[in-house]
Participant: 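I have a structure I would like to understand better, so I am pasting it below and will then ask my questions one at a time.
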Amino acid sequence: MFITYRKINGHEYGYLEESFRQDGKVRKKSHGCLGRVLDKERCIFKNRKLGIYRYDLKTNSSLALPDDFAPSLSKAAGRAGKNGLKELQILHFGDVYLMDRLLEKSGLQPCLEAMGISCSDLLRCMIFYYALENDDNQYAQIWYKGSYARELCPQADPGSERIIRLLEELGHENCRRAFFAAYLKQLPAMPCIMAVCSGLPCARHLPLSAVYNSAGFLSGQVRSIYVADSKTLLPQYVRFVPGRNALPPALKAAAVMLSEQGVVPAYAVLEDDSVSLNDLEYLQTVSLDFIIRFNENPGLSPGVLQEHIESLDTSGIRVEFNQRVFLIKKVLYDYWGHLLYVYLCRDGAVLQTAQDGVSSPGSPFSFMLLSSRDLSEQEILPAYYAGKEMAELFCVSKPGFELQPLLLHSEAVLQGHLLLSFIAALLQRYLRLQLGADSPITAKAALKELQQCYCKVYDKYIEPQALTSAACDILKRCALKLPPLRLERT
């Protein structure tokens with residue numbers, strides 16, 4: 001009797017065999033499989049019938065396991081990965097890897113450290129979650145379990161209570177001041193645009209909220225002033241104001257603060273439900289330029305509209321913008337000694353409707369822009385829609401994140417949520433700039449592409465899987481190196 005060994009699917013098995021002579025030839029007879037080999041020198045095997053046992057060839061029987069043999073080692077050996085290391089999990093890798101590299105490249109890391117947050121891992125994890133996932137915060141822990149953020153931020157553990165405590169820390173006045181002081185210090189001196197975000201619903205009892213009447217419905221709202229570079233739309237600052245009444249003074253205060261930091265406010269983009277004409281007079285008094293859109297007559301002299309609307313088709317300038325055609329006519333208007341510029345605009349869709357013989361309801365012009373700056377007909381739409389694009393980028397209310405009293409325990413939680421949204425929007429815009437204006441892929445598509453790149457987690461290291469050609473091109477456009485073949489686990 002003797003034991004032979006064979007490898008099957010990468011595992012070694014032992015077989016009990018016997019040799020004998022028949023018709024003058026040596027033949028072999030198999031007495032069955034002993035099991036998978038766990039310790040070849042001491043003849044320790046594992047099979048379904050006997051489990052883990054030691055085989056004695058002399059007595060053809062099973063013996064007790066040696067005292068120095070650890071059964072846990074046999075389990076690890078049975079499920080071993082490369083180089084004898086156990087494979088633990090497969091995680092989404094590429095999107096978090098990209099965000100982490102951009103966080104370092106953008107220079108935001110020192111700004112985050114300046115805030116002095118108690119758990120830096122949780123802060124980084126939630127920045128990734130806000131930038132990558134358009135979902136409620138209660139699902140952050142589920143996302144964390146299947147993401148590379150779990151390995152990158154091992155101390156995060158983003159449960160609901162920990163997230164609330166983090167938002168409270170971020171919403172503290174000293175924390176926010178420290179972040180913006182460090183961030184604005186590294187920005188170049190460039191003109192900026194200020195945009196007012198639409199009302200953000202929240203609990204009425206919070207100091208930041210104010211009762212707002214919208215179409216007959218009363219609600220508590222908070223308005224936000226966002227500031228971005230006029231050319232790149234890279235976010236620079238955010239300020240929160242209650243309701244609508246405090247908006248003009250808040251715009252002035254934000255402009256003064258930015259000027260002290262070396263950031264020059266160029267103009268503010270407003271909506272007709274944000275301010276009144278008295279507010280515009282205040283902005284003119286404090287020398288703060290603005291562009292505002294009105295869908296209806298805002299109270300300007302009726303003679304201005306009656307005199308120029310009818311001549312819009314004949315004397316309006318044809319302007320192509322954003323793959324659309326507009327007719328625009330600029331009219332000077334003297335409002336209580338302040339010279340303003342009225343831009344009557346008609347969309348190409350309204351023009352086409354009139355040519356087809358279909359009467360379009362509403363006013364004979366699509367909308368009207370009012371500006372304190374003397375811009376040409378070709379300049380007004382890019383200037384106005386730059387502010388609109390910035391407001392859309394700062395989508396501070398995550399879908400499903402109901403800003404209600406049960407979630408917003410305090411003003412600090414609301415402030416922390418909005419600051420975290422600002423940092424996430426900053427990263428997304430920075431990614432768009434890194435991809436380049438000629439890139440056929442958007443920032444959202446780039447993150448979705450990299451989300452499909454996975455990594456295998458072993459006991460002692462992480463092994464990123466091969467990236468797709470599209471993912472490699474995204475990293476190349478962002479001037480980032482490909483991930484190494486192996487990352488050490490902390």
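All heavy atoms count here, side chains included; hydrogens, waters and symmetry mates do not. By convention here, the first residue in the shown sequence is residue 1. Quantities reported herein were computed from a predicted structural model and do not represent experimental measurements.
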Participant: Is it the case that T468 and Q452 place a side-chain donor and acceptor less than 3.5 Å from each other?
Facilitator: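 No, because no side-chain N or O of T468 sits under 3.5 Å from a partner of the opposite role on Q452.
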
Participant: Should the ring pair Y343 and Y341 be called parallel, tilted or perpendicular, given that the plane angle runs from 0 to 90° and is split at 30 and 60?
Facilitator: tilted

Participant: If you round to the nearest 0.5 Å, how far is OG of S106 from OH of Y183?
Facilitator: 8.0 Å

Participant: Please report the shortest heavy-atom distance between L91 and S147, naming the atom on each side.
Facilitator: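 That closest heavy-atom pairing would be CD1-O, 3.6 Å.
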
Participant: I want to check something: taking the side chain as every heavy atom from C-beta on, are I380 and Y385 in contact at a cut-off of under 4.5 Å?
Facilitator: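 No, side chains not in contact.
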
Participant: Take L475 and K481 through the test side-chain contact (heavy atoms from CB on, under 4.5 Å) and record every step on the way to the result.
Facilitator: CA-CA 7 Å; L475 293 178; K481 295 181 179 180; over 6 Å; no

Participant: May I ask you to check whether F422 and F180 place their ring centres under 6.0 Å from each other?
Facilitator: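 That pair passes the under 6.0 Å test.
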
Participant: If you define the side chain from C-beta out and look only at heavy atoms, does anything of L102 sit under 4.5 Å from L480?
Facilitator: yes

Participant: Atom CG of D347 and atom CG of L327: how far apart are they, to the nearest 0.5 Å?
Facilitator: 10.0 Å

Participant: Is it true that, when you exclude R177 itself, more than 12 heavy atoms of the residues, nucleotides or ligands shown sit nearer than 6.0 Å to its CZ?
Facilitator: no

Participant: Starting at CG of L187, measure out to CG of L234 and round the result to the nearest 0.5 Å.
Facilitator: 7.0 Å

Participant: With a 4.5 Å limit on heavy-atom distance, are the side chains of L166 and I117 in contact?
Facilitator: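 Heavy-atom side-chain distance check passes, below 4.5 Å.
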
Participant: Start with the C-alpha gap between Y130 and H417, add the side-chain angles, then the distance that decides, and say whether side-chain hydrogen bond (donor to acceptor under 3.5 Å, both in side chains) holds.
Facilitator: CA-CA 10 Å; Y130 269 57; H417 165 68; 2.9 Å; yes

Participant: I need the S469 OG to I474 CD1 distance, nearest 0.5 Å.
Facilitator: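 Reported value, rounded in 0.5 Å steps: 9.5 Å.
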
Participant: Just by distance, no angles: are the side chains of K105 and Q434 close enough, under 3.5 Å, to form a donor-acceptor pair?
Facilitator: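 Yes.
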
Participant: Any salt bridge (Lys or Arg N to Asp or Glu O under 4.0 Å) involving residues 112-129? Give me the pairs, sequence neighbours left out, ordered by first then second residue.
Facilitator: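 Listed by first then second residue: D100-R124.
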
Participant: Would you please test L283 and L270 for side-chain contact (heavy atoms from CB on, under 4.5 Å) and show each step?
Facilitator: CA-CA 12 Å; L283 296 179; L270 311 173; 3.9 Å; yes

Participant: State the SG-CG distance between C175 and L419, to the nearest 0.5 angstrom.
Facilitator: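 The distance works out to 6.5 Å.
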
Participant: Are any non-hydrogen side-chain atoms of M194 and V269 less than 4.5 angstrom apart?
Facilitator: no

Participant: Can you label the angle between the F326 ring and the F321 ring as parallel, tilted or perpendicular, going by 30° and 60°?
Facilitator: tilted

Participant: Only pairs under 3.5 Å count here: list side-chain donor-acceptor contacts from residues 436-447, not counting sequence neighbours, and write none if there are none.
Facilitator:
unit_1, atom_1, unit_2, atom_2, d
S439, OG, I441, N, 3.3
S439, OG, I441, O, 3.2
T442, OG1, A445, N, 3.2

Participant: Look at atom CD of E104 and say whether more than 12 heavy atoms of other residues, nucleotides or ligands are closer to it than 6.0 Å.
Facilitator: yes

Participant: Using side-chain contact (heavy atoms from CB on, under 4.5 Å), reason through R165 and E161 one step at a time and then give a plain yes or no.
Facilitator: CA-CA 6 Å; R165 288 197 295 269; E161 293 184 1; 4.1 Å; yes

Participant: Is there side-chain contact between Q465 and C455, with heavy atoms separated by less than 4.5 Å?
Facilitator: no

Participant: So which atom in E377 and which in I328 form the shortest heavy-atom distance, rounded to 0.1 Å?
Facilitator: O-CD1, 3.6 Å

Participant: Should R432 and L435 count as side-chain neighbours, where that means a heavy-atom distance under 4.5 Å?
Facilitator: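 The answer is yes, as the side chains (C-beta and beyond) meet within the 4.5 Å cut-off.
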
Participant: Looking only at heavy atoms, what is the nearest atom pair of A178 and A114, with distance?
Facilitator: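 A178 and A114 have their closest heavy atoms at CB-O, 3.6 Å.
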
Participant: With the side chain counted from C-beta on, respond yes when L420 and L123 share a heavy-atom pair under 4.5 Å apart, and no when they do not.
Facilitator: yes

Participant: With side-chain contact (heavy atoms from CB on, under 4.5 Å) as the criterion, how do M368 and R293 come out once you've worked through the C-alpha distance, each side chain's angles and the decisive distance to 0.1 Å?
Facilitator: CA-CA 6 Å; M368 180 175 65; R293 170 172 172 164; over 6 Å; no

Participant: For a salt bridge (charged side-chain N to carboxylate O under 4.0 Å, His left out) check, start with the C-alpha distance between D374 and K330, then their side-chain angles and the critical distance, and finish with the verdict.
Facilitator: CA-CA 10 Å; D374 184 9; K330 180 170 71 171; 2.9 Å; yes

Participant: Examine R486 relative to Y461 and say whether NZ or CZ is less than 6.0 Å from the centre of the six-membered ring and inside a 45° cone about the ring axis.
Facilitator: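 Yes, a cation-pi geometry holds between R486 and Y461.
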
Participant: E389 and R429: salt bridge (charged side-chain N to carboxylate O under 4.0 Å, His left out), yes or no, with the steps?
Facilitator: CA-CA 11 Å; E389 183 179 349; R429 184 60 189 175; 3.6 Å; yes

Participant: Are Y454 and Y148 close enough that their ring centres sit under 6.0 Å apart?
Facilitator: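 No, the ring centres sit 6.0 Å or more apart.
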
Participant: Evaluate the side-chain proximity of M99 to L431: yes if any heavy-atom separation is below 4.5 Å, no if none is.
Facilitator: yes

Participant: How long is the span from the CD1 atom in I163 to the CG atom in L170, to the nearest 0.5 Å?
Facilitator: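 If I round to the nearest 0.5 Å, the distance is 11.5 Å.
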
